[in-house]
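Because the structure is predicted, anything quoted here is derived from the model rather than measured.
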Amino acid sequence: MATANGAHLFNHYGYNSRFIHFTSRNTTSKLFLTKTSHFRTPNKRSFHLNNTLTDKIHHPITEQGGESDLSSFAPDAASITSSIKYHAEFTPVFSPERFELPKAFFATAQSVRDSLLINWNATYDVYEKLNMKQAYYLSMEFLQGRALLNAIGNLELTGAFAEALKTLGHNLENVASQEPDAALGNGGLGRLASCFLDSLATLNYPAWGYGLRYKYGLFKQRITKDGQEEVAEEWLEIGSPWEVVRNDVSYPIKFYGKVSTGSDGKRYWIGGEDIKAVAYDVPIPGYKTRTTISLRLWTTQVPSADFDLSAFNAGEHTKACEAQANAEKICYILYPGDESEEGKILRLKQQYTLCSASLQDIVSRFERRSGDCIKWEEFPEKVAVQMNDTHPTLCIPELMRILIDLKGLNWNEAWNITQRTVAYTNHTVLPEALEKWSYELMQKLLPRHVEIIEAIDEELVHEILSEYGSLDLNKLEEKLTTMRILENFDLPSSVAELFIKPEISVDDDTETVEVHDKVEASDKVVTNDEDDTGKKTSVKTEAAAEKDIDKKTPVSPEPVVIPPKKVRMANLCVVGGHAVNGVAEIHSEIVKAEVFNDFYKLWPEKFQNKTNGVTPRRWIRFCNPPLSAIITKWTGTEDWVLKTEKLAELQKFADNEDLQNEWREAKRSNKIKVVSFLKEKTGYSVVPDAMFDVQVKRIHEYKRQLLNIFGIIYRYKKMKEMTAAERKTNFVPRVCIFGGKAFATYVQAKRIVKFITDVGATINHDPEIGDLLKVVFVPDYNVSVAELLIPASDLSEHISTAGMEASGTSNMKFAMNGCIQIGTLDGANVEIREEVGEENFFLFGAQAHEIAGLRKERADGKFVPDERFEEVKEFVRSGAFGSYNYDDLIGSLEGNEGFGRADYFLVGKDFPSYIECQEKVDEAYRNQKRWTKMSILNTAGSYKFSSDRTIHEYAKDIWNIEVVEIA
């Protein structure tokens, strides 16, 4: 066994050999370890450590001939072996008796971190000395995945570490599998942020990432007979070997309290709840470069003095820990449920903590690098802040607060600096995802920021008035209603006067009345002010007077519903930043034409497109070694890892029989790994020769996993109606793989998970169907699972309702790995189809410009569902997939109006097109030569979708930062 062998070899090479031997360019050194007793009797353990050169311990990697040699020192397998043993012994997180896989992982990771630290510190040093402009990427999510293989791959040390671990009795792949995925994100938003950090480091751009250090992540997903079950992630349970706590980097964070004016006329935010944010840094190494940038994660705590010792000793234990609990829970989980008031408060606290701690850190760095001569007007020339979606919106009022309240700038100076510093990436066209916060809640939690937001809103109102004038009051009112940051608020008094309606005369014998609303004169009673006798007078129309004769009981007016006051975070982002970008061409056009059309007309120069990308290091080079080797062989170079345009050279070999054979063999070897994985995780057995049809992404109605599973049910039903021979003739064997998490409080999404697993349980146990069709839901989908599934996929499903997916990034990963896609013209699908060729993409469904009309058609009762769609619904209702009642799920696809009804995401409309397109997929897959060519051309055409290209565009067009190479 590997474990026993590893323990034996570790004894032989480490504990029993009495010394660790390593070399550097200038000297040979031996670290003698003389032990007084064997580790199997550990009660009396002492070490006598002697070094033949210096009489002190030398670390095998970090002390290699002095600091001047560190930049050029490249560890070999022997020095790495010594380093791993060193950490196993002297940086222990496990007991010393055995060198099993978990311990091997930690020791290996700590050894890698040593190499990273050399480059990391050098990068810090250069940035401090040069004081160039630096970009800061703020995101609530960073979906990093495992770091070990990525780090040693970027350091070009994969072979050396594999050899070192083999010497110690372990396999690198097995050791790497011990690492839990960092639970810092959920979906594409977080994965994009992580790809961007990899590209920033690889391309030598000066940048940092900022996020929160979630103790329990989003959740760990379990699949039971009842569907999805959520439990806390345990990724930090025994610590992370990558992070470095910076105890000297912490900042105060305030909530609640009040704002008062001091004797100096300044506004002061006082009182309330005070905590502190402490920095944990994670190194992000670039590929084939020394540049190693930081992902700085904040955790929240209070000083020990805030622990109420008196209360604790009095038995009031909960009260004693209240301050600690309130602080620490801010960083417990990603996206805490916000159905309750407490949940909303916690989310807003998270967002503010990220913004405040990060900006205080950025401002502190600017001051430190500026020395004695701080010129605040130069702040935007040294700092670029990118807000990844609306979660970091509070950066805008927080930077204003810091500049005005703490640094003494006036409003105009601070506003100019803020607008030149901050930029915003929009990730959604879904109205519910454009955050709006309760004004009342925000005012209670962040009173000073609300004052600043109100002032920004008032400036915006005057700018809109200046742009559109007051001649057309209806148009002006429409613009103000749409564009204001504050929703359902009265206008500033100076502007509100414009909308006061003039007095009108009712008749010659009556006083004038002021009309505020449109009324129908035939039925209304208008009450005037008091007359000169002090009594109320009423003016009634003739029709109203006649009605009064018959009325004995007065009619009570309907209560007026006062809409809640809201703060529109997306509008604040657009107003407060100098750039707004979408993340795919079609998405950016929708942003300009629909989401922010009025802002686009006002400030067209702000709006840009930056089509997303993914890092080819993690998503081809490291996760798919067989394909990487083939690409390198046929392009004649490994340069494609950095210059993905070289992937296009595969196009000229797409028909080559030798390449096609190698391509298919690489795909099959990846599929064999997935076969074992699925058996281990789900218990289901599948065959590698079937088509692997994969949809892995966050579970959401607009992503339409429901359309996919309805298509599978239709396929299954048709199979059941055929003989065995007919089935084999008419259908290509398929393994349909789903993966993704439904948000814990998103009931309909959780129903979809339950539905998929029920359908799978029925189909997978049907002996008549056998290996012709399997349906597998992979639990707890994450980056590591994606790295296994994507290289093995034949077909991937990107089937969202057109116009609703901003971009998507998994579609890019699948294309890079030669997976053919079925999808709608949505998000980056549009550009992928253009690049890989229309004939190499299976297209179906309504287009974005048709969606509004189709919904209106449904609302008007004119939609006629396809009979095959109705057939599937009836089949489900028949109990074919168990006794669970799916009326609420299927009911969402029925009716013509109502919340949660009327098939808002057009599953029924696109269903006929979808199943007909799937028939074309079967036809293409039967011709493996044609299919393999399509696969090769997908990889060849994916070069545009490298995050390196995206980052170059951000750096040039938004951040204005330059490359800084670390010598």
For Gln301 and Gln324, run side-chain contact (heavy atoms from CB on, under 4.5 Å): C-alpha distance rounded to whole Å, both residues' side-chain angles, the deciding distance at 0.1 Å, then the answer.
CA-CA 6 Å; Gln301 55 188 241; Gln324 279 87 346; over 6 Å; no
Residues Ile270, Lys258; criterion side-chain contact (heavy atoms from CB on, under 4.5 Å); working and verdict
CA-CA 6 Å; Ile270 58 175; Lys258 64 179 181 179; 3.8 Å; yes
Evaluate the criterion side-chain contact (heavy atoms from CB on, under 4.5 Å) for residue pair Phe379 and Ile362; output intermediate values, then yes/no.
CA-CA 10 Å; Phe379 188 81; Ile362 292 166; 4.0 Å; yes
Phe94 and Phe106: CA distance, side-chain angles, deciding distance, ring-ring contact (aromatic ring centres under 6.0 Å, His included) verdict:
CA-CA 9 Å; Phe94 295 91; Phe106 263 82; 5.7 Å; yes
Quick one, Asp888 with Arg751, criterion salt bridge (Lys or Arg N to Asp or Glu O under 4.0 Å). Give me CA distance, side-chain angles, the key distance, then yes/no.
CA-CA 9 Å; Asp888 287 332; Arg751 287 189 187 119; 3.4 Å; yes
I'd like to know whether Glu230 forms a salt bridge (Lys or Arg N to Asp or Glu O under 4.0 Å) with Lys741, so could you lay out the CA-CA distance, the side-chain angles of the two residues, the decisive distance to 0.1 Å, and finally the verdict.
CA-CA 9 Å; Glu230 304 90 23; Lys741 295 178 180 179; over 6 Å; no
If you apply the rule salt bridge (Lys or Arg N to Asp or Glu O under 4.0 Å), what do you find for Glu234 with Lys215, and how did you get there?
CA-CA 8 Å; Glu234 72 272 16; Lys215 185 175 182 179; over 6 Å; no
Take Leu572 and Ile453 through the test side-chain contact (heavy atoms from CB on, under 4.5 Å) and record every step on the way to the result.
CA-CA 8 Å; Leu572 179 54; Ile453 291 169; 4.1 Å; yes
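Aromatic pair Tyr746/His700: centroids less than 6.0 angstrom apart.
Trp208 meets the ring-ring contact (aromatic ring centres under 6.0 Å, His included) test with Tyr124; sequence neighbours excluded. Every residue two or more places apart in sequence or in another chain that forms a salt bridge (charged side-chain N to carboxylate O under 4.0 Å, His left out) with Lys407 is listed here: Glu367. Under the side-chain contact (heavy atoms from CB on, under 4.5 Å) criterion, Asp226 pairs with Thr224, sequence neighbours left out. With sequence neighbours excluded, the residues forming a salt bridge (charged side-chain N to carboxylate O under 4.0 Å, His left out) with Glu273 are Lys349, listed by chain and number.
The pair Asp780-Lys681 does not count as a salt bridge, with every side-chain nitrogen at least 4.0 angstrom from each carboxylate oxygen. The pair Arg191-Glu141 does not count as a salt bridge, with every side-chain nitrogen at least 4.0 angstrom from each carboxylate oxygen. Salt bridge Arg296/Glu243: absent, no basic N to carboxylate O contact under 4.0 Å. Checked for salt-bridge contact, Glu787 and Arg146 miss the test: no charged N lies under 4.0 Å from a carboxylate O. Lys565 has no carboxylate O lying under 4.0 Å from a charged side-chain N of Glu440, or vice versa, which leaves the two without a salt bridge. Here Glu451 pairs with Arg448 in a salt bridge; the nearest charged N to carboxylate O distance falls below 4.0 Å. Electrostatic pairing of Lys254 and Asp274 counts as a salt bridge here, judged by a charged N lying under 4.0 Å from a carboxylate O.
Taking CG from Asp361 and OG from Ser250, the interatomic distance works out to 10.0 Å, rounded to the nearest 0.5 Å. With rounding to the nearest 0.5 Å, the separation of OG in Ser438 from CD in Glu341 is 6.5 Å. The distance from atom NE2 of His449 to atom OG1 of Thr393, rounded to the nearest 0.5 Å, is 12.5 Å. Rounding to the nearest 0.5 angstrom, the gap separating the CD1 atom in Ile404 from the CD1 atom in Ile452 is 5.5 Å. Remark: Leu354 CG to Leu359 CG distance equals 8.5 Å, nearest 0.5 Å. The OG1 atom of Thr353 sits 4.5 Å away from atom CD1 of Ile330, with the distance rounded to the nearest 0.5 Å.
Checking Thr91 against Gln110 by side-chain atom types alone, no donor-acceptor pair falls below 3.5 Å. A donor and an acceptor atom, one from each side chain of Asn388 and Tyr137, are located under 3.5 Å apart. When only modelled atom types and interatomic distance are considered, Tyr214 and Glu233 share no side-chain donor-acceptor pair under 3.5 Å. Side-chain atoms of Gln386 and Tyr424 include no donor-acceptor pair closer than 3.5 Å. For the residue pair Thr809 and Asn612, no side-chain donor N or O sits within less than 3.5 Å of a side-chain acceptor on the partner. A donor atom on one side chain and an acceptor atom on the other are not found under 3.5 Å apart for His391 and Glu435. Counting only N and O atoms by type, the side chains of Arg369 and Gln134 include a donor and acceptor under 3.5 Å apart. Of the N and O atoms on the side chains of Ser356 and Gln360, at least one donor lies less than 3.5 Å from an acceptor on the other residue.
By the 4.5 Å heavy-atom criterion applied to side chains, Leu189 and Asp389 are counted as neighbours. Residues Val278 and Arg246 have side chains not in contact (no heavy-atom distance under 4.5 Å, counting atoms from C-beta outward). Side chains of Ile374 and Phe366 form a contact here, defined as non-hydrogen atoms less than 4.5 Å apart. Looking at Leu441 and Ile345, their side chains come closer than 4.5 Å, going by heavy atoms from C-beta outward. Leu148 is listed as a side-chain neighbour of Val112, based on a closest heavy-atom distance under 4.5 Å. Residues Asn186 and Leu143 are not in side-chain contact: their nearest non-hydrogen atoms beyond the backbone lie 4.5 Å or more apart. The shortest distance between side-chain heavy atoms of Leu348 and Trp437 falls below 4.5 Å.
Put simply, the side chain of Glu179 never gets that close to the backbone of Phe105: no donor and acceptor are under 3.5 Å apart. Of the possible polar contacts, none joining the Trp269 side chain to the Phe255 backbone as a donor-acceptor pair under 3.5 Å is found. Distance alone, capped at 3.5 Å, is enough to place a donor-acceptor pair between the Gln350 side chain and the Ile333 backbone. With hydrogens and angles ignored, the 3.5 Å screen pairs no side-chain donor or acceptor of Glu229 with any backbone N or O of Lys220. Formation of a donor-acceptor pair under 3.5 Å by the Thr418 side chain with backbone atoms of Leu399 is not found in this model. Asp181 places no side-chain N or O within donor-acceptor distance of the main-chain N or O of Asn782, the cut-off being under 3.5 Å.
Taking the ring centre of Trp415 as origin, the terminal cationic atom of Arg401 falls outside the region bounded by 6.0 Å and 45° from the ring axis. Both tests pass for Lys754 against the ring of Tyr884: distance under 6.0 Å to the centre and angle within 45° of the axis. A cation-pi arrangement is absent between Lys566 and Tyr439, since the terminal nitrogen or guanidinium carbon is not both under 6.0 Å from the aromatic centre and inside a 45° cone about the axis.
Pairs engaging residues 223-252 under the ring-ring contact (aromatic ring centres under 6.0 Å, His included) rule: Tyr251-Trp298 [sequence neighbours left out]. Here salt bridge (charged side-chain N to carboxylate O under 4.0 Å, His left out) pairs that include residues 321-339, with residues two or more places apart or in two chains, are Asp338-Arg347.
More than 12 heavy atoms of other residues, nucleotides or ligands lie within 6.0 Å of NZ in Lys750, so this atom counts as buried by the packing criterion.
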